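Keep in mind the model is a prediction, meaning the values are calculated, not measured.
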Amino acid sequence: MALAFALAAPSPALAAPPPYYPPIEYVPASRANYDVGRTAAITTIVIHETDGTWLSATNWFQNRNSRVSAHYLVRAWDGGIMQFVAEGDTAYHARAANPWSIGIEHEYDPRHAIPHTIAQYRSSALLVCAIARRYGIPTDRAHIVGHNELRGTDHSDPGPTWNWNYYMSLVNACSWQRAQPVARAALRTVANQGYVPSAGLEFDDISDEVLLLQWDLAYLGFVDPDEVAGGGSHFGPLTEEAVAKFQQSRILPPTGSYDELTASALVQALLAAPADVPVEDLEMEAESDDVARLQTVLQQLGYIDRVTGYYGEMTSDAVTTFQQDSGIYATGTYEAITRMALAARMHTTVAREPVVEELEMTRVGSIAFGVLPY
């Protein structure tokens, strides 16, 4: 009798989430569709697609016979978040992974013309960042996974229309881990060359200097901008490979390490192929031709609808959105990393060939120097 009463009793109201969580509406799932408590520590966030409407998913989670639930559901058209199961309880969303994961469903129903939307991606990313911060979960693809990526699953969601690069760029922009390098120190760059990071970056480093290096290499055509946007400022195999390819193009030993010679060669390569974006940093209340140039680039990329020459809220919001889309810590100010990301995106948008051209090379001893055209 006591067990029957416990199963029938409604779930208690959730305690208020930490203040850094996005707005959430609580609608409890049927008590038959989750277990109270956890048997393992929370280490993973699982991304799902509903393959149905918001209403149908809500009804399914509240149907005691379905034996299915998720912790959260993110609506398509406006990014509204509904919570069905407390994070401290075990939702039925991923079979063997249930004890150590949090499940987030995303409304998606192509049969009824309900696609994933920017509002949904942004809202979900904020939720993921908050969950990761609360439990110390790394914000990478090893810990933020699709339902289809779990071992032993027979599910295929999220499908090919889920944009992982874009989504992870938003997560990287808002995550507490991503903000730490920014809080620790200013960006370290080559003297008088604020768009080239200082030498000494190593494999497995995570920093703004790594991100600036990646966007420099993307501008020069050595790495895909989408890979940079989703990379989380991490010096991994793709960055090492891109550095090695750049070194080969400059007739340097292709070590993949970012040393003094490579930094010097990178300065020369970027001077030889200047980007058509402002060089100086810009922020709120600036008014100049450089601001107008920045706005022109943002307009061409679809982030702003007019050019005024004044850096107000409109421009700050446009820069912030671009930074979020590009995996850059979103400040709304225009600085070195944003400069090179804009330059790289412009080259991609206009479908230019890689901007690195063959420079005449002269070898002095064992060191190669680029001979610039001036």
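- By the side chain to side chain contact (heavy atoms under 4.5 Å, CB included) test, Arg293 is found to be paired with Asp276, Pro278, Asp290, residues two or more places apart in sequence or in another chain being considered.
- In summary, the side chains of Thr320 and Asp317 do not present any donor paired with an acceptor at a separation below 3.5 Å, with no hydrogens or angles considered.
- For residues 270-308, every residue pair satisfying the ring pair (Phe, Tyr, Trp, His ring centres under 6.0 Å) rule, not counting sequence neighbours, is listed here: Tyr303-Phe322.
- Using modelled atom types, no side-chain atom of Gln295 and backbone atom of Ile304 make a donor-acceptor pair closer than 3.5 Å.
- A distance-only check finds no donor-acceptor pair linking the side chain of Glu260 to the backbone of Ala199 [under 3.5 Å].
- Taking CG of Asp226 as the start and OG of Ser326 as the end, the distance is 9.5 Å to the nearest 0.5 Å.
- Atom CD of Glu280 has 12 or fewer neighbouring heavy atoms from other residues, nucleotides or ligands inside a 6.0 Å radius.
- In terms of modelled atom types and a separation under 3.5 Å, the side chain of Tyr72 and the main chain of Leu127 share no donor-acceptor contact.
- Side chain of Ser169 to backbone of Tyr166: a donor-acceptor contact under 3.5 angstrom is found.
- Partners of Thr296 according to the side chain to side chain contact (heavy atoms under 4.5 Å, CB included) rule, which considers only residues two or more places apart in sequence or in another chain, are Gln300, Val307.
- Residues that satisfy the salt bridge (charged side-chain N to carboxylate O under 4.0 Å, His left out) test with Asp289, not counting sequence neighbours, are absent from this structure.
- A search for salt bridge (charged side-chain N to carboxylate O under 4.0 Å, His left out) contacts involving Asp51 returns Arg111, not counting sequence neighbours.
- Each of His116, His106, Glu105 was scored for a side chain to side chain donor-acceptor pair (under 3.5 Å) with Ser124, with one residue passing: His106.
- The side-chain contact (heavy atoms from CB on, under 4.5 Å) with His93 is formed by just one residue from the set Asn98, Val68, Val85, Ile104; it is Asn98.
- Counted by atom type alone, Ser66 and Asn33 present one or more donor-acceptor pairs between their side chains at under 3.5 Å.
- Arg95 and Asp154 are joined by a salt bridge, as a carboxylate oxygen and a charged side-chain nitrogen come within less than 4.0 angstrom of each other.
- Residues passing the side chain to side chain donor-acceptor pair (under 3.5 Å) test with Asn63: none are found, sequence neighbours excluded.
- Residues Glu335 and Thr338 bring a donor and an acceptor atom of their side chains to less than 3.5 Å of each other.
- Heavy-atom contacts from other residues, nucleotides or ligands closer than 6.0 Å to CD of Glu240 number more than 12.
- Residues passing the side chain to side chain contact (heavy atoms under 4.5 Å, CB included) test with Ala40 are Pro99, Trp100, sequence neighbours excluded.
- A side-chain donor-acceptor contact under 3.5 Å links Glu87 and Tyr135.
- In this structure, His71 NE2 and Ile45 CD1 are separated by 11.0 Å, a value rounded to the nearest 0.5 Å.
- When atom types are taken as modelled, the side chain of Gln323 and the backbone of Thr333 share a donor-acceptor pair closer than 3.5 angstrom.
- The backbone N or O of Ala76 sits less than 3.5 Å from a side-chain atom of Thr117, completing a donor-acceptor pair.
- With sequence neighbours left out, the salt bridge (charged side-chain N to carboxylate O under 4.0 Å, His left out) criterion links Asp325 to Arg122.
- Separation of the Trp164 and Tyr121 ring centroids does not fall under the 6.0 Å cut-off.
- Put simply, the side chain of Ser207 gets close to the backbone of Val210: a donor and an acceptor are under 3.5 Å apart.
- Not counting sequence neighbours, the partners of Ser198 by the side chain to side chain contact (heavy atoms under 4.5 Å, CB included) test are Arg188.
- Considering every non-hydrogen atom in both Met168 and Thr139, the closest pair reads CE-O, 3.8 Å.
- Among residues two or more places apart in sequence or in another chain, the side chain to side chain donor-acceptor pair (under 3.5 Å) test is passed with Thr90 by none.
- With sequence neighbours excluded, no residue satisfies salt bridge (charged side-chain N to carboxylate O under 4.0 Å, His left out) with Asp305.
- Residues satisfying the side chain to side chain donor-acceptor pair (under 3.5 Å) test with Thr39, not counting sequence neighbours, are none.
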